[in-house]
Structures are given as C-alpha cells and as structure tokens.
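Here the structure is a predicted model, which means the values were calculated and not measured.
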Amino acid sequence: MSDQKATIIDGKAIAQTIRSEIAVEVKHLSQTYNKVPGLAVVIVGKRKDSQSYVGMKRKACAEVGIKSFDIDLPEDVTESDLITKLHQLNANPDVHGILVQLPLPKHINEEKILTEISLDKDVDGFHPLNIGKLAMKGRDPLFVPCTPKGCLELLSRSGISVKGKNAVVVGRSNIVGLPVSLLLLKADATVTVVHSHTKEPETIIRNADIIIAAAGQAKMIKGSWIKAGAAVIDVGTNAVDDPSKKSGYRLVGDVDFEEASKVAGWITPVPGGVGPMTVAMLLKNTLDGAKRVIEH
C-alpha cells in the first residue's frame, strides 16, 4: 500500500463558506423587504444529544441572521398538543421553516407528526410528499433532506463529478441512506444500496467510485474495501470508549479513517466532515423557503 494521502474534505470550512453566502442573502432580504427568514425548532423532552443538536441549530441561525423560534415541549406532551403547536407554526407568516427534532418519545407517532408540517415549511424534507417527489424523475421536492443534500454539496464543492459514476450507499435509513441514494440517482450516478441483508458488502463497496457511509457501525468499512482514488463521504458518528478523553469517549465514523485515508482519493473526517454541512443545509433550506414567500 502506497502512502498516497487522500485529500481531506474539510466540511467545517465548506459549511462556513456556505453560511457566509447565506448571511449575505439574509441581509439582502432584510434590506430590500424588511423581512428575515424564520425557523421554528421544536424539541420534545430532554435527550442530551437532541438538546445539543438543537442548540447548534439555534446558534447557527443567529450567526446568519435567521430568526429562530424556540419551541421546547415536555417529554409527556400529548400528540394532539404537539399537532396544535405545529398548526400554529404553519399559520405563522414569520415562520418559513419548521423542524421537529427526532427521535420523538415513544407515545408520539413520528410519521403522523411529520405529515402535519406544512409542505412549504418542511425544511427537513421528510414530508412523504417531498420524499415522493425526490424519488420521481422530472419532479423536484420543495426541500431536500439536509444531510443528503450536504453530502452532495461536499462532492460538488470538492470538484468531484457524480454523473456516470458507481456510487455505493451503505445504510438505508429514511434520514440519510434512502434520500441520499435518490439524490445520487437524480445526479445520474449508478447507485447501489448496501444494508444489513446484503451478501458480501465489501465486494460491492470495492467497486465504488463514491462511497456514502451511513450505517451507524463504527469503523465498519476498512481500507481494503476501498478502491484507490475513490471519494468517501462518512456520515457515521459513533461514540467509542477513549479513557484519554475528558468525556470518556471520542467520535469515529463508519469508515476506518486511518486505513481509508491511505487509499481513497478524497475523504471526510469525523468530526468536521458531514456534521457541519447538515446544519448549513438546514439554513439554506430555510432561506429558500423564505425567498419563495418574501420575493413573490
């Protein structure tokens, strides 16, 4: 194995560039129409990870000038109270995007809640109609899910073309695997989805020009599974024990970064790869939703 080093795709830097572009557009809306985009972030309960994600999203809004509406509901909120709250936000003209932080508590039907969000405020892109349009040729959803959109943005801003390439998506979740495979298909890649029932996943992955790893399995994809020069986008964030860290753990991706970075042409680090892009795309979706309303 040669010591050829992969180009590290700096998601943090690319996300910062995108946030600066968004800030300029928000300022323009504010100066021209005296209106700014508004994002409602709804969180139910006190899950630590959810609270940390929501905190990041609200802080990012403030940084680019998007008004954030903070809706914090107790763990035991009833489904109907949550739906009432969503209907209020749907009706509020200052709110252009509504995000419900997942997962929701067990007693609430996630699918039902996501369907209650107004289609033109569904900045997470999880409404069945948005996903349905994403799946159909010649149709465009109003919003594309943030993490998949961030993955394709990392490829395009790194100068990696997708058209005609073999792309392998590892994982088939509704949040990442499925929508990212649909987006790659829209971008004219030849797409294979690898999942828990796939026979000989390494044989399939080794054939990929582009790998999107979103399985939620720490370091599952080894260097030997990767074709020389392939582009690797690692969506995984897995906590592994690390006594040397103050928290007692560190985050690793679904790809063995040490091994993979010796073989791949491009690779995203964890943390600092896909994560910051997810938040940047949420801001972009909110801006786009606001522009549709304010400029027309």
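- Side chain of D120 to backbone of R292: no donor-acceptor contact under 3.5 angstrom is found.
- The two residues A215 and M220 make their nearest non-hydrogen contact at CB-SD, 4.1 Å.
- Here the side chain of S158 pairs no donor or acceptor atom with the backbone of I160 at under 3.5 angstrom.
- At a cut-off of 3.5 Å, with distance as the only test, no side-chain donor of Q16 or E21 sits close to an acceptor on the other residue.
- Within a 6.0 Å sphere centred on OH of Y33, other residues, nucleotides and ligands contribute more than 12 heavy atoms.
- Here the closest non-hydrogen pair linking P37 and L287 is CG-CD1, 4.2 Å.
- With K186 contributing its side chain and G138 its backbone, the two residues share no donor-acceptor pair below 3.5 Å.
- In K133, the NZ atom is not crowded: 12 or fewer heavy atoms of neighbouring residues, nucleotides or ligands sit closer than 6.0 Å.
- Of all the heavy atoms in V240 and A218, the pair that sits closest is CG1-CB, 4.0 Å.
- With D242 contributing its side chain and G248 its backbone, the two residues share no donor-acceptor pair below 3.5 Å.
- A 4.5 Å side-chain heavy-atom check between D254 and K219 finds every atom pair outside the cut-off.
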H96/I294 under side-chain contact (heavy atoms from CB on, under 4.5 Å): CA gap, chis, key distance, verdict
CA-CA 10 Å; H96 304 100; I294 295 168; 4.1 Å; yes
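- Between the side chains of D288 and T286, no donor-acceptor pair is found at a separation under 3.5 Å.
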Could you list the donor-acceptor pairs under 3.5 angstrom formed by side chains in residues 168-185, with sequence neighbours left out?
{"from": "S173", "atom 1": "OG", "to": "I175", "atom 2": "N", "distance (Å)": "3.4"}
{"from": "S173", "atom 1": "OG", "to": "V176", "atom 2": "N", "distance (Å)": "3.0"}
{"from": "S173", "atom 1": "OG", "to": "G177", "atom 2": "N", "distance (Å)": "3.4"}
{"from": "S181", "atom 1": "OG", "to": "G177", "atom 2": "O", "distance (Å)": "3.4"}
{"from": "S181", "atom 1": "OG", "to": "L178", "atom 2": "O", "distance (Å)": "2.6"}

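- Within the model, atoms CG of N109 and CD of E116 stand 10.0 Å from one another, a figure rounded to the nearest 0.5 Å.
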Quiz: residues 141-150 side-chain donor-acceptor pairs under 3.5 angstrom, not counting sequence neighbours:
{"from": "T147", "atom 1": "OG1", "to": "T278", "atom 2": "OG1", "distance (Å)": "3.0"}
{"from": "K149", "atom 1": "NZ", "to": "N285", "atom 2": "OD1", "distance (Å)": "2.8"}

What do the steps show when you test V252 against V270 for side-chain contact (heavy atoms from CB on, under 4.5 Å), and what is the final call?
CA-CA 6 Å; V252 300; V270 175; 5.7 Å; no
Check step by step if side-chain contact (heavy atoms from CB on, under 4.5 Å) holds for L104 and I113.
CA-CA 9 Å; L104 288 164; I113 293 303; 4.1 Å; yes
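- Although no hydrogens or angles enter the test, the distance criterion places no donor-acceptor pair under 3.5 Å between the side chain of S50 and the main chain of R47.
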Take L102 and F126, measure what side-chain contact (heavy atoms from CB on, under 4.5 Å) needs, and give me the verdict at the end.
CA-CA 11 Å; L102 304 178; F126 293 150; 4.3 Å; yes
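- The main-chain N or O of H127 is found under 3.5 Å from a side-chain atom of D122 such that the two form a donor-acceptor pair.
- A cation-pi contact, defined as under 6.0 Å to the ring centre and within 45° of the axis, links K67 to F69.
- In this structure, the separation between CG on L82 and NE2 on H87 is 9.5 Å, given to the nearest 0.5 Å.
- Around NZ of K12, the count of heavy atoms belonging to other residues, nucleotides or ligands within 6.0 Å does not exceed 12.
- Heavy atoms from other residues, nucleotides or ligands lying under 6.0 Å from CD of E295 number more than 12.
- A pairwise comparison of heavy atoms in L119 and L129 identifies CD1-CB, 3.7 Å as the closest pair.
- Note that the CD1 atom of I98 and the CD atom of Q88 stand 10.5 Å from one another [nearest 0.5 Å].
- Here the straight-line distance linking atom OG of S52 with atom NZ of K57 works out to 9.5 Å at 0.5 Å rounding.
- Although no hydrogens or angles enter the test, the distance criterion places no donor-acceptor pair under 3.5 Å between the side chain of K121 and the main chain of I117.
- Side-chain atoms of T32 do not come within 3.5 Å of backbone N or O of L29 as any donor-acceptor pair.
- Between E63 and R19 a salt bridge is recorded (basic side-chain N to carboxylate O distance below 4.0 Å).
- With D124 contributing its side chain and L99 its backbone, the two residues share no donor-acceptor pair below 3.5 Å.
- Distance alone, capped at 3.5 Å, is enough to place a donor-acceptor pair between the R58 side chain and the V41 backbone.
- Evaluation of the salt bridge (charged side-chain N to carboxylate O under 4.0 Å, His left out) test over residues 187-211, restricted to residues two or more places apart or in two chains, returns D209-K227.
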